[in-house]
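Working notes, structure below.
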Protein chains: 4
Amino acid sequence: MPKDQPKKTRQRRKDARPEEIIEAAFVEFEEKGFAGTSLANIAQRAGISRTTIYLYFDTKEAIFEAAIRSAVQNTVQDVGALSAIFDGNFETVLRNVFDLIYARLADKRAITIFKTLISEGQNMPTLVKFYRNEIMAKGEFAMKALIERGIEANELSPSCRKYDVRLFIAPVAFAALWGKIFGELDPIDINEFKQQHLQLVLDALKANSAAKLAGARAT
Amino acid sequence: MPKDQPKKTRQRRKDARPEEIIEAAFVEFEEKGFAGTSLANIAQRAGISRTTIYLYFDTKEAIFEAAIRSAVQNTVQDVGALSAIFDGNFETVLRNVFDLIYARLADKRAITIFKTLISEGQNMPTLVKFYRNEIMAKGEFAMKALIERGIEANELSPSCRKYDVRLFIAPVAFAALWGKIFGELDPIDINEFKQQHLQLVLDALKANSAAKLAGARAT
Amino acid sequence: MPKDQPKKTRQRRKDARPEEIIEAAFVEFEEKGFAGTSLANIAQRAGISRTTIYLYFDTKEAIFEAAIRSAVQNTVQDVGALSAIFDGNFETVLRNVFDLIYARLADKRAITIFKTLISEGQNMPTLVKFYRNEIMAKGEFAMKALIERGIEANELSPSCRKYDVRLFIAPVAFAALWGKIFGELDPIDINEFKQQHLQLVLDALKANSAAKLAGARAT
Amino acid sequence: MPKDQPKKTRQRRKDARPEEIIEAAFVEFEEKGFAGTSLANIAQRAGISRTTIYLYFDTKEAIFEAAIRSAVQNTVQDVGALSAIFDGNFETVLRNVFDLIYARLADKRAITIFKTLISEGQNMPTLVKFYRNEIMAKGEFAMKALIERGIEANELSPSCRKYDVRLFIAPVAFAALWGKIFGELDPIDINEFKQQHLQLVLDALKANSAAKLAGARAT
DNA sequence: AATGAATGAGGCTTCATTCAT
DNA sequence: CATGAATGAAGCCTCATTCAT
């Protein structure tokens with residue numbers, strides 16, 4: 001008994017096709033990983049034939065790359081926008097920065113990219129390098145610059161330079177992963193977490209400044 | 001990892017086999033994920049025939065489970081051992097706790113499990129639940145207990161209770177992932193990171209206590 | 001059975017494929033049974049690639065089912081047509097019925113189904129039930145009806161009702177199996193066998209009627 | 001997690017081993033056919049190790065052959081015993097013969113052999129030839145001799161020679177198969193069937209004799 | 001005599017990819 | 001541009017059989 005193939009053919013503007021494929025691929029990759037995703041799944045989700053994909057991409061890997069490249073854009077832009085919000089006293093700016101960063105967590109694509117980095121990074125040195133240079137390094141740099149500004153403005157003690165700024169960002173990554181892994185089992189209140197995270201950083205930085213001040217006062 | 005067993009004759013090593021297979025499987029799973037790993041890879045790495053695997057495991061999934069079960073052991077034990085080192089003043093204990101936790105980072109298996117949780121968690125609700133209950137939850141609990149002790153001993157201010165303790169642990173996860181993802185490109189100095197992490201937590205907690213003291217003093 | 005399709009180029013014959021596959025599968029199943037048949041055999045006999053089969057059937061079992069369903073059709077139709085030939089006196093009709101039934105023996109598919117019933121029946125309750133309800137039961141019913149007509153027409157004695165009508169049909173099954181099993185060694189002359197079979201049944205039925213008549217006469 | 005192997009080792013007299021294996025093999029072959037039976041099944045049923053089988057048989061096929069050879073013995077003996085019961089008038093002897101033949105139907109082994117002949121005959125020309133020569137041919141011969149005796153004793157008309165005696169035996173085969181195939185669904189009352197079968201044959205033969213007598217009388 | 005260990009061949013099935021319309 | 005048809009490579013798994021104790 002022969003199988004029945006669905007016959008619904010959507011006629012779409014051709015320009016949109018690649019993006020539709022990427023879109024579909026992304027969802028599949030997110031759910032099942034690279035190896036676990038089949039072109040059939042992608043095609044079905046995109047509402048096209050399996051072979052049509054090959055009009056736009058050479059291999060499964062190419063789709064994967066394109067999907068990731070496309071999805072990482074917003075995050076890159078956000079990181080680039082970081083220094084643009086350096087306006088106001090340190091605490092205000094830090095709060096704004098946190099708002100911006102935590103807003104990324106709402107972007108499922110951003111999270112998936114992060115997860116992909118972990119899952120498939122070993123086979124994607126290009127992505128790894130890109131991510132580190134364009135996101136991690138620039139983020140670190142911005143954070144360092146922010147602290148520097150705080151010191152210059154006499155809002156922070158110079159001893160605050162001692163911290164590896166990745167310590168300040170780590171909880172964001174943690175929250176992202178927690179949501180992805182344990183989200184259904186035990187959801188995390190992102191907003192609350194953000195507030196406490198901010199508080200922690202401020203407290204720690206203030207502790208140094210307080211000590212400085214105290215030391216100064218003691219003199 | 002080169003094969004160092006001669007292949008001429010059939011080997012008889014029933015006792016060692018399961019562990020050898022798990023060992024080999026682990027490496028493969030780590031590199032390529034569950035779906036990406038083939039029994040052929042595992043067999044080759046273990047230096048045995050593909051079918052020999054089936055003398056010890058029923059399915060590919062069974063190998064995966066066994067590998068995870070075996071690898072997660074040490075971490076579980078370490079978490080269980082946490083409260084046993086609650087001896088001394090708060091800072092000392094916290095330092096010991098950090099030593100213990102960061103030591104886990106040297107266990108590649110532990111890291112791989114963590115990565116697996118992220119990569120394949122969607123398909124492994126059992127592992128997810130187990131990990132959350134036996135590792136995350138107990139770790140949180142121990143950390144909370146530790147802070148409580150600090151408060152009771154008057155070393156910390158009660159306001160320290162406000163923090164979500166996952167904030168204190170997040171950098172460890174971050175360091176683990178960093179090492180795994182960017183390790184080759186940009187290795188992280190774990191020891192240095194640990195020190196700063198410890199410092200950050202202490203500073204933040206002290207900030208509260210200092211505020212309290214200051215407030216008390218001001219009265 | 002040699003392959004007579006050229007193999008150089010990919011062939012496109014969607015419409016014909018399912019039947020070709022069923023045809024090939026049928027021969028293989030007949031020769032080696034379900035478990036003994038491999039998709040490789042079927043594919044080779046059909047002159048296609050092993051995987052092409054999966055374009056038309058989901059599993060090996062599905063092929064088997066399709067093959068049987070297709071092969072059993074004619075027999076079912078013949079059984080259904082039985083009562084349509086109830087025209088004429090008893091002997092004439094019986095002769096026609098026998099012609100129809102024995103003609104089935106020329107249909108190799110019908111024989112194979114019968115053999116399959118025997119070989120694989122234990123694993124195919126559905127087929128068994130179907131065969132019994134649609135072929136055996138209806139055949140029995142038709143035969144009973146025929147005898148009833150003979151009695152009503154005063155051509156047969158009512159005592160003819162005593163026979164289990166399966167006795168009348170058994171030789172057909174026997175001939176079918178004999179041909180299949182011992183055919184090469186010791187072929188059976190189906191036509192001759194049919195005549196004698198018919199004679200036997202008529203003789204037996206007449207014996208009753210004769211007795212009745214004799215009894216009547218004696219009275 | 002390694003599989004657990006049962007460790008119960010039965011120490012048995014070695015002489016019995018081959019028969020135990022054959023016994024076990026027979027049951028398995030009956031249930032699943034040759035291709036469907038695995039040595040593991042046989043070994044397990046025999047309570048021995050898979051490899052032990054090879055101490056007694058060279059291949060799976062050898063076991064099959066041995067099993068069949070052993071099982072066919074009783075039937076052969078019964079057939080051989082047929083002519084020994086030629087004592088009494090025709091009807092009595094025929095009744096005894098039928099008793100003997102139908103008793104065979106209670107021997108599940110005999111039925112299985114018959115089924116095997118159908119299922120796997122194509123690959124077992126030796127068995128086919130043996131069965132035909134030792135069982136079918138001798139059975140036919142005995143039946144013919146019996147009829148001849150009836151004619152000589154003037155109990156039957158010479159015209160009874162016209163029948164292919166396989167017609168007389170067919171219902172037995174039919175009943176055997178019916179029981180095996182439809183037995184669970186719709187069991188057959190063997191005794192009742194036997195009586196009617198006997199009656200049918202007697203009626204048919206008598207019809208000829210009656211005709212003869214009538215003809216003689218008419219003269 | 002008996003068995004635990006090991007394996008090569010082969011079976012079913014999936015899938016990325018190519019062919020030809 | 002789009003797709004239905006087809007396939008080779010590869011994956012998981014079973015099994016008859018051999019090896020070595």
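Chain letters run A, B, ... following the sequence lines, proteins first, then strands; residues in each count from 1.
What separates CZ of B/Phe57 from C1' of F/dT14 is a distance of 18 Å, to the nearest Å. Nucleotide E/dA16 holds its P atom 11 Å from the NZ atom of A/Lys32, rounded to whole Å. With rounding to whole Å, D/Ile42 atom CD1 is found 12 Å from F/dC15 atom C1'. Atom P of nucleotide F/dA10 and atom CD of B/Glu28 are separated by 16 Å, given to the nearest angstrom. Look at CD1 on D/Ile53: it is 10 Å from P on F/dT17, rounded to the nearest Å. Rounded to whole Å, the distance from OH on A/Tyr56 to P on F/dC1 is 6 Å. If you measure from atom CD1 of C/Ile48 to atom P of E/dT13, you get 14 Å, rounded to the nearest angstrom.
Residue D/Leu55 has its side chain nearest to E/dA2 when only E/dA2, E/dT13, F/dA2 are considered.
Applying the ring pair (Phe, Tyr, Trp, His ring centres under 6.0 Å) test to pairs two or more places apart or on separate chains, those with a residue in residues 18-38 of chain B are B/Phe29-B/Phe34, B/Phe29-B/Phe64, B/Phe34-B/Phe64.
Evaluation of the side chain to side chain contact (heavy atoms under 4.5 Å, CB included) rule for A/Lys129 yields A/Asn133, B/Leu185 as partners, not counting sequence neighbours. Residues meeting the salt bridge (Lys or Arg N to Asp or Glu O under 4.0 Å) test with B/Glu65, sequence neighbours left out: B/Arg69. The salt bridge (Lys or Arg N to Asp or Glu O under 4.0 Å) check on B/Lys32 picks up B/Glu28, with sequence neighbours excluded. For the salt bridge (Lys or Arg N to Asp or Glu O under 4.0 Å) test, residues two or more places apart in sequence or in another chain that qualify with A/Lys180 are A/Glu30. Scored by the salt bridge (Lys or Arg N to Asp or Glu O under 4.0 Å) test, B/Glu120 finds no partners at all (sequence neighbours excluded). Residues meeting the side chain to side chain contact (heavy atoms under 4.5 Å, CB included) test with A/Tyr54, sequence neighbours left out: A/Leu39.
Rounding to the nearest 0.5 Å gives a distance of 11.0 Å between OG1 of A/Thr116 and CD1 of B/Ile118. To the nearest 0.5 Å, the span separating CD1 on A/Ile68 from CG on A/Leu127 amounts to 5.0 Å.
Helical stems in DNA chain F, defined as runs of 3 or more consecutive Watson-Crick or G-U wobble pairs with donor-acceptor distances under 3.5 Å: E:2-21 with F:2-21.
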N/O-N/O pairs, protein side and nucleotides 8-11 of chain E side, under 3.5 Å:
from	atom 1	to	atom 2	distance (Å)
E/dG8	O6	B/Thr51	OG1	2.9

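OP1 or OP2 of E/dT3 has not a single side-chain nitrogen or oxygen of D/Tyr54 nearer than 4.0 Å.
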